[in-house]
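Here is the structure we will look at.
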Amino acid sequence: MSERKDTPEQAEFREYCRRWLAENRPTPPPFRLPQSPVEVMTEQQRVWLCAWQKKVHQAGLIACDYPREYGGGGHQGFQRIASAELARAGVPYFINVIGLGMAAPTILHHGTEEQKRRYLPPLFSSDEIWCQGFSEPGSGSDLAGAQTFAERRGDQWVINGHKVWTTLAHFASWMILLARSSREHKYDGLTYFIVPIAGAPGVTVRPLVKMTGETGFNEVLFEDLHVPDSLRLDAVGKGWTVAMTTLLYERGAAESPGGGGGESHEDRIAALIELAKHTRRDGRSAWENPVTRDRILKLLIRVEALKQLGRRARVEALTDHPMRLPLQGKLLTTEISQDVAAAALEVEGMSSTLYLRDENAPQGGRWPHAYMNSYGLTIAAGTSEIQRNILGERVLGMAKSK
Amino acid sequence: MSERKDTPEQAEFREYCRRWLAENRPTPPPFRLPQSPVEVMTEQQRVWLCAWQKKVHQAGLIACDYPREYGGGGHQGFQRIASAELARAGVPYFINVIGLGMAAPTILHHGTEEQKRRYLPPLFSSDEIWCQGFSEPGSGSDLAGAQTFAERRGDQWVINGHKVWTTLAHFASWMILLARSSREHKYDGLTYFIVPIAGAPGVTVRPLVKMTGETGFNEVLFEDLHVPDSLRLDAVGKGWTVAMTTLLYERGAAESPGGGGGESHEDRIAALIELAKHTRRDGRSAWENPVTRDRILKLLIRVEALKQLGRRARVEALTDHPMRLPLQGKLLTTEISQDVAAAALEVEGMSSTLYLRDENAPQGGRWPHAYMNSYGLTIAAGTSEIQRNILGERVLGMAKSK
Amino acid sequence: MQPKDYGFGEDERILRDSARRFLDEVASIDKVRKLVAADHGEAYESATPPARYDGQVWQKMVDLGWTALAVPESAGGVAMKCVAVAALAEEIGRRALPSPLLSTLFSTFVLREAEAAAARPWLEKIVGGAGAALAITNEEGSWEPARTGLRAQAKGDQIVLDGTAHFVQDARKASFFVVSAASDGGVALYAVAAEHPGVTIHPDHIVDLTRDQARVAFDRVSIPAAAQIAPGETGVAVLRSALPAMLTVLAADMTGAAEWQLQTTTAYAKVRHQFDHPLGFFQAVKHPIVNMMVAIDETRSLVYNAACAIDGEPELALRYARMAKSSASDTAAFCSGRSVQLHGGIGFTWECDVQIYFKRQRHSQMLLGDGVYQREKLAELL
Amino acid sequence: MQPKDYGFGEDERILRDSARRFLDEVASIDKVRKLVAADHGEAYESATPPARYDGQVWQKMVDLGWTALAVPESAGGVAMKCVAVAALAEEIGRRALPSPLLSTLFSTFVLREAEAAAARPWLEKIVGGAGAALAITNEEGSWEPARTGLRAQAKGDQIVLDGTAHFVQDARKASFFVVSAASDGGVALYAVAAEHPGVTIHPDHIVDLTRDQARVAFDRVSIPAAAQIAPGETGVAVLRSALPAMLTVLAADMTGAAEWQLQTTTAYAKVRHQFDHPLGFFQAVKHPIVNMMVAIDETRSLVYNAACAIDGEPELALRYARMAKSSASDTAAFCSGRSVQLHGGIGFTWECDVQIYFKRQRHSQMLLGDGVYQREKLAELL
């Protein structure tokens, strides 16, 4: 069955995707895969996930719409189909999430011909994993406050500084780096680089531990890292513009990490209702507690609203401002995730004290874990507070709050 | 029965208050008295309420702690007792609420000896009613942005400008006025005056209508009003300091308008519970709807908390910062009032559409009326937003948001 | 299959855009204010509360075919999709327009579900411009179809109606009422002309300035048995079938009104300065306004989803419609509160237009049941 | 009559101030972190979850007389007012101190209500420094006194206990358990030494780093009938009488922890700069912090009101205690969330101390029932 207004060519491709996925669905590995690619920590996990991504790339379901000379499929409107079919098939995610979601489009828009030919193919195949160096200890929400310094010395740049929250840096060959090349101008003093990570002299990667007790991101220190000028992306002083391109894609990447396997909000709310129906206390189920049920139903309605928001965003006649709905996505997605997890803790009551390793923890302890992780979502890639600024300023046109 | 640690003298005074109030409780007038003094509009109401205040003043239950030469009782710690007994007796409020609550303490702190002797006695007796001229069309929250201008001409000041939200201006003999005497400095360019209202040439009082459909406050226009320099309060350019004194008392005045008769939060939440128990729909009472009941109980708990907050504020060992609890009063009082009224509308359902004049409106239509009026509370005398700034800055010491 | 675009195609866009142009002309906020809020004393102090609307505008709405939109072709209507009707209702709500259109649409939804020959002449009257209103609510203000304040008794070939319907919307703008009454066979439905002997309208004194509402008393109102539009066995089912469209269209009206509140508050936050900045500079103003927008977009998305289900997936329609009205009620409460609060002192006055929408929204919030009620009923559908 | 000062007089102030000094010294956040959060792997990955506390600190707490505070004089205690105990608990919570004090106080409250001669030796043990814990919760995590996971059967002059108590707090820090078990006469109460044959502790893997929790299994545990501390007819009533103090003291601990969250978040908002201003400049940061303070002050006021009622108006104690715990639970949830969010990226890390309080507060929120539960029970008291 084809969908929407697939062209005959697209319908054929969709059919191909389905067939390929049905035939190539991987058997689950004998070890635990974490819930998302940003939590991948072990070498075992890395190897398995890289093999999977490479296989999918070879099958032509990754980078479908990129030119062939950069490792893509050279098609138009195929990625949407491949991504939908990957999601529908529920196969594992792709490990090179930062590369696919952020580095690749940034390089495509701002890179030289040489850069595109050199960096994109191994990115798509996951032969080279990428990470992102934006946040610093002193600049989280205020990205343009970056202090990591790139000093020009002939045709080399010497980089010193400290980046934090760098997902996947422990596996990464390359980083997309926002650095300061001039202290005189805040925004115009930034330049964007591709820098080597694994094995590069002057680079130290240290894992950071989340409040959940898991690792999954890192801090990266640069001490006199020397890179050639050919690793600069776009012009000197244009780093902020390039970073805006990356951020444009970051939200999209966070929502659908380059492939299927992520749990949807609908899955999550269904799991919550299931939990409520099966959690009994004092002679009734949590679902039979009208106050708890009302809270869950409010969330069920918001989850449906979020789904419909996405559907409506694609109907021009029913949107007033082109960015109004898309820019709400990150805020809604992350806050609803948090609220759903919080409601689950209320349902569990005392059992919500039990964590991942406890055999009696309901649904494997996923909810306290999800609740804590939800703060990662409402903080990372622009806190909810910053998202509200952006919506108020870019969509509604109110004065900048700074 | 005496209370707390009344001295023998105070215990005797309390006894006197109770006796006097028992013997002098007025019979209700044959016309409707509005819910609060700020809604008094008719001459009939004014005459009746002025007579009542005058009688209470003559009995010594008003201005107990002011010096005798200013019309007070010359005591210490008697007003607290008189106010408590007035509240307990549930007698009507005093009409000169702005005078008692704001003008009197401001004049006491900043007035000359002559000013105190001239203005305070008729204020206490309500022979002269007072209003307050702070807000302007262009400056609500930002009081210091006042543009009403006072130009010095010899020993006269010529006043031009436009004040709004002036409660009781339609009955007022006098106004406490914050005016700009210099355009060069924002805060230091303000001077504080006592200005005549009723019958003064160059003064126009026009009623403003609230969203409830009621009048009760006014706008006051000044066109070349001439006042002598003797009506200036404190020094030229010290208006902001004087205004701070007024504001310090404004919150107190808003909470207990100079006497009894105001309905307490406890009364209101009790009325809400009563309403919920008697509102039947679809085979049960609103109180039997667990979701509605939970919402009401949350409010019941907050009302108790507010009461205990007031109690705790007087126990030094259980407060961390002297202004922390008192400064929360206005915010909590007004927001809880709003939430209680909103909950009542939920209880009433369709009946909440019925307004004051409707014979079928539950509890006389008080709740839609109270709900709309509650926005007056969360806006007037510093919006809730401004209150949160004040708390964050003065109590917690965070940076000024401007 | 669900259409990706909610079935909102060219026809729907044309209807909506022409409605926008027409309403821009006849229903500007100044005109609406003149109509309903010229004087506070008249609004709230008259012995008989006003029921004002512009009859000429109504006649033009009829001429534009709006009353025929939801009427089946068999009764002379144009039977447009619910997404079209929802889009129109959104525009009506955006203008807070006083008119019997919503009540008439509600009556249409009931009549067209009745499928009785007796319903047809009433539908034709609606096409012809007759306003109609539902008289199906008891004194508790219940929205359960099975609960009615009226009783119907057969007397030969006549049926006699007795009792009072409460909370009848736009009662004085309606030429006839669609009435539910308890009969021996269950809750039956009837249509009764407003001027029928024995029918008395007792107007309510309401807060909302853009509607009128009344108790409608039926004192031995005798109508021919053939005028029954749904017998006792089917009355509740008919009302229930009509409910998704009623909920959705009401939620659409509320969405439009909320969007007006958002735009008006945003505009004020840009022009009003305090502390040397426009209000919108302050996050204590900016963020609540953004939260209004977020709430509205959730509601609006749910409204079109519900409308689309009514058009194509009737088995899901009630579920989605309950979601839409639950969301609309909560959004209305939030946006109304913030629109007044963020306007500061001026927002609290009669002269500021936000009060008109504030009151309409509070009224709409309760109509057909508030959010808590919708969710309680939704739970039964899961 | 209610004392205006909650009965918080000189004695109470001295106790509180000395507790502050002592805890400043022994329970700084650095010391607590070293104790419970030195290593994330050990905290969450060990086969047997840790139950760490500082035994020397505990001994000093005993030496300071804290375990004797709530014990009647007849059993060698000092029987201080509940306001004093609440003030102490607030200080403990402010430090997120891992210790069996709260569990021991809970056990004390139950034992002193039992008034049986059998309870006295256990109270004396507590005065002497024995930690105790309640084992009264079934596998559902119910807080209804009538629901227990254990069954008691008389066998001659012995009583045999069977079953499992769940969610036993600080189980591995306790020398004995106060146990409820269904007997033929109703729910009876017993005290059982932790090392009694047949008692097995199965530690839970919990989120909170400052507590340990366990299932405690009783496999044909045989104790003398005389060791029964409340017979079946009174067990539920005894637990219910102890409940106000338990709720209040827990709420006090949560108040202290929330105050730490407030102060720590405020301090961060002053030093952390973004966009050329300290975070606290921005109302999106300032106002939520103010809301934390407002919530805390409501809770704290309710805590002292409840404690004061326990001391002087027992008929109101349960009502006020339910209010305090309802408020404390909601305040804890709110303050915990905001403390992490407003710290931004750093707040989400293991190395930031806010995670320790976040987890303790989430745990406390559920203990004895969350806000929804408290309000449901409160409704029964109105």
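Protein chains get the first letters and strands the later ones, always in sequence-line order, with residue 1 at the start of each.
Interface remark: A:Leu396 contributes backbone and side-chain atoms alike to the contact with chain C (heavy atom separation under 4.5 Å). Heavy atoms of A:Lys298 lying under 4.5 Å from chain C belong to its backbone as well as its side chain. Both the backbone and the side chain of C:Arg300 come within less than 4.5 Å of a heavy atom of chain A. Of the atoms belonging to C:Asp17, not a single heavy atom falls under 4.5 Å from chain A. For C:Tyr6, the parts lying under 4.5 angstrom from a heavy atom of chain A are both the backbone and the side chain.
Side-chain contact check for A:Thr383 and A:Glu385: at least one donor-acceptor pair (N or O, by modelled atom type) lies under 3.5 Å. Between the side chains of C:Ser301 and A:Gln308, not a single donor N or O lies within less than 3.5 Å of an accepting N or O. In this model, a donor atom of one side chain and an acceptor atom of the other lie less than 3.5 Å apart for A:Arg268 and A:Ser337. When only modelled atom types and interatomic distance are considered, C:Gln361 and C:Gln365 share no side-chain donor-acceptor pair under 3.5 Å.
Ring geometry, A:Tyr375 versus A:Tyr371: the interplanar angle exceeds 60°, so the pair is classed perpendicular (tilted spans 30 to 60°). Ring geometry for C:His277 versus C:Phe282: interplanar angle over 60°, hence perpendicular rather than tilted (30 to 60°).
The salt bridge (Lys or Arg N to Asp or Glu O under 4.0 Å) pairs that include a residue from residues 270-283 of chain C are B:Lys186-C:Asp276, where partners are two or more places apart or lie in different chains. Residue pairs that meet the salt bridge (Lys or Arg N to Asp or Glu O under 4.0 Å) test with at least one member in residues 321-337 of chain C, sequence neighbours left out, are C:Asp330-C:Arg375.
The main-chain N or O of A:Thr7 is found under 3.5 Å from a side-chain atom of A:Gln10 such that the two form a donor-acceptor pair.
For C:Asp24 and C:Arg20, the salt-bridge test fails: no basic side-chain N is under 4.0 Å from an acidic carboxylate O.
Note that CE of C:Met246 is 7.0 Å distant from CH2 of C:Trp143, once rounded to the nearest 0.5 Å. In this structure, the separation between CG on C:Leu105 and CD1 on C:Ile92 is 8.5 Å, given to the nearest 0.5 Å.
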Test side chain to side chain contact (heavy atoms under 4.5 Å, CB included) applied to C:Phe358 and C:His363, step by step: CA-CA 9 Å; C:Phe358 178 98; C:His363 193 108; over 6 Å; no
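Of the listed residues (A:Leu318, A:Leu309, A:Leu325), the greatest number of heavy-atom pairs within a distance under 4.5 Å of chain C belongs to A:Leu318. Options C:Arg13, C:Arg16, C:Gln374, C:Glu376 differ in how many heavy-atom pairs under 4.5 Å they form with chain A, and the most are formed by C:Arg16. Options A:Leu391, A:Leu300, A:Thr319, A:Val395 differ in how many heavy-atom pairs under 4.5 Å they form with chain C, and the most are formed by A:Leu391. The residue among A:Arg311, A:Met398, A:Glu316 with the most heavy atom pairs within less than 4.5 Å of chain C is A:Arg311.
Contacts between residues 252-269 of chain C and chain A, counted as heavy-atom pairs separated by less than 4.5 Å, involve C:Glu259, C:Leu262, C:Gln263, C:Thr266, C:Ala269. Within residues 287-296 of chain A, the residues having any heavy atom less than 4.5 Å from a heavy atom of chain C are, in residue-number order, A:Trp287, A:Arg293, A:Asp294.
More than 12 heavy atoms of other residues, nucleotides or ligands shown are found within 6.0 angstrom of NE2 on A:His321.
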